[in-house]
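Notes to accompany the following structure.
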Amino acid sequence: MGEQRVYSLSQVAQHKSKTDCWMVIHGKVVNVTKFLEEHPGGEEVLLEVAGKDASKEFEDIGHSKAAQQLLLKYQVGVLQGHRQTAVEAGGDDAIKEKKGKEMSAFVVKEPPYSKYKALLEFAVPLVTAVSYFVYSF
C-alpha cells in the first residue's frame, strides 16, 4: 500500500456493529465486516472487540502466520500515532529472534509391524475365547 489513511481510535470506535465492524490490530485499522461469518472462532469474538484495539486479544489466541497475513487483506488504514515495532514491521532481526524462540519438534515413527502386533494381541485371545465358547456349547 502506498499512502495509508490515518484513523483515530475514536473514528474506529464508530464501527462496531455486525454490518460495519472495524478494529485495530498492531496499529493496522482493519475492516472485518466481510470476515465475520468466516471467522473460525465465530463472529461474536470479533464483535466483542469491534471498535477497539484488539492487539492483545489477537496475540493471546496465537493466530497462525496465515491469519496474520490475512490482516493485510482487510486493512483500511493505520492508527494515528502508532509506532510500528520491529516484530510488527517484519524486519530480518525480528524474524530471526522470533524463529529462535519457536519450539522445535520431531516425530517418532513407530515400526510398521507395531500395528499388526497390537492387532494380534487383541485378535488371538478373542479368537481363543470365542472358539472355547463355541466348542463348549
Side-chain angles (χ1 to χ4, degrees):
M1 240 189 245
E3 279 296 312
Q4 296 178 339
R5 181 137 185 226
V6 179
Y7 294 94
S8 68
L9 199 52
S10 61
Q11 287 175 306
V12 175
Q14 296 172 5
H15 304 272
K16 56 183 180 183
S17 69
K18 192 173 181 176
T19 56
D20 187 23
C21 183
W22 291 21
M23 63 187 64
V24 177
I25 300 176
H26 299 302
K28 295 177 178 76
V29 178
V30 291
N31 179 351
V32 293
T33 309
K34 293 179 181 177
F35 184 66
L36 287 174
E37 291 180 13
E38 299 172 26
H39 187 257
E43 63 186 32
E44 299 83 19
V45 177
L46 295 177
L47 289 171
E48 284 179 18
V49 292
K52 303 175 188 171
D53 187 340
S55 303
K56 183 181 182 310
E57 290 83 354
F58 185 82
E59 287 304 317
D60 286 347
I61 296 300
H63 285 88
S64 66
K65 291 183 194 280
Q68 294 171 7
Q69 290 298 318
L70 199 57
L71 288 176
L72 299 175
K73 177 181 176 182
Y74 295 103
Q75 184 175 2
V76 292
V78 294
L79 184 64
Q80 181 180 15
H82 179 76
R83 294 181 190 262
Q84 202 172 31
T85 64
V87 174
E88 293 169 5
D92 291 338
D93 295 336
I95 292 170
K96 288 177 186 174
E97 180 182 331
K98 208 169 187 181
K99 282 186 179 179
K101 291 182 182 179
E102 290 179 6
M103 288 181 55
S104 61
F106 58 95
V107 177
V108 178
K109 290 189 176 183
E110 295 183 30
Y113 61 82
S114 66
K115 292 178 185 176
Y116 299 114
K117 183 180 175 186
L119 180 64
L120 285 175
E121 288 176 353
F122 175 75
V124 170
L126 181 67
V127 169
T128 304
V130 169
S131 299
Y132 173 76
F133 286 116
V134 168
Y135 179 73
S136 62
F137 291 112

Establish whether [X] and [Y] are linked, either directly or via other cluster members, by ILVMFWY side-chain heavy-atom contacts under 4.5 Å.
X: Leu47; Y: Leu71; result: yes
X: Met23; Y: Leu79; result: no
X: Val12; Y: Val49; result: no
X: Val76; Y: Val24; result: yes

- Task: With the side chain counted from C-beta on, respond yes when Phe35 and Leu46 share a heavy-atom pair under 4.5 Å apart, and no when they do not.
- Result: yes

- Message: Would you say that Lys28 contacts Leu72 through its side chain, given a criterion of any heavy-atom pair below 4.5 Å between the two side chains?
- Response: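 Lys28 reaches Leu72 side chain to side chain.
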
- Message: Going by the rule salt bridge (Lys or Arg N to Asp or Glu O under 4.0 Å), which residues pair with Lys52 if we only count those two or more places apart in sequence or in a different chain?
- Response: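 Applying salt bridge (Lys or Arg N to Asp or Glu O under 4.0 Å) to Lys52 gives none.
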
- Could you tell me which residues satisfy salt bridge (Lys or Arg N to Asp or Glu O under 4.0 Å) with Lys16, sequence neighbours excluded, listed by chain and number? none

Looking at every heavy atom in both [X] and [Y], which two are closest together, and how far apart are they?
X: Val78; Y: Gln4; result: CG1-OE1, 2.6 Å
X: Thr33; Y: Cys21; result: OG1-N, 2.8 Å
X: Lys18; Y: Leu36; result: O-CD1, 3.3 Å

- Query: In Å, rounded to the nearest 0.5 Å, how long is the span from CD of Gln75 to NE2 of His26?
  - Reply: 12.0 Å

- Task: Using the six-membered ring wherever Trp is involved, compare the ring planes of Trp22 and His15 and label them parallel, tilted or perpendicular (cut-offs 30° and 60°).
- Result: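 Aromatic pair Trp22/His15 classed parallel.
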
- Look at the rings of His63 and Phe58 and say which category their plane angle falls in: under 30° parallel, 30 to 60° tilted, over 60° perpendicular. parallel

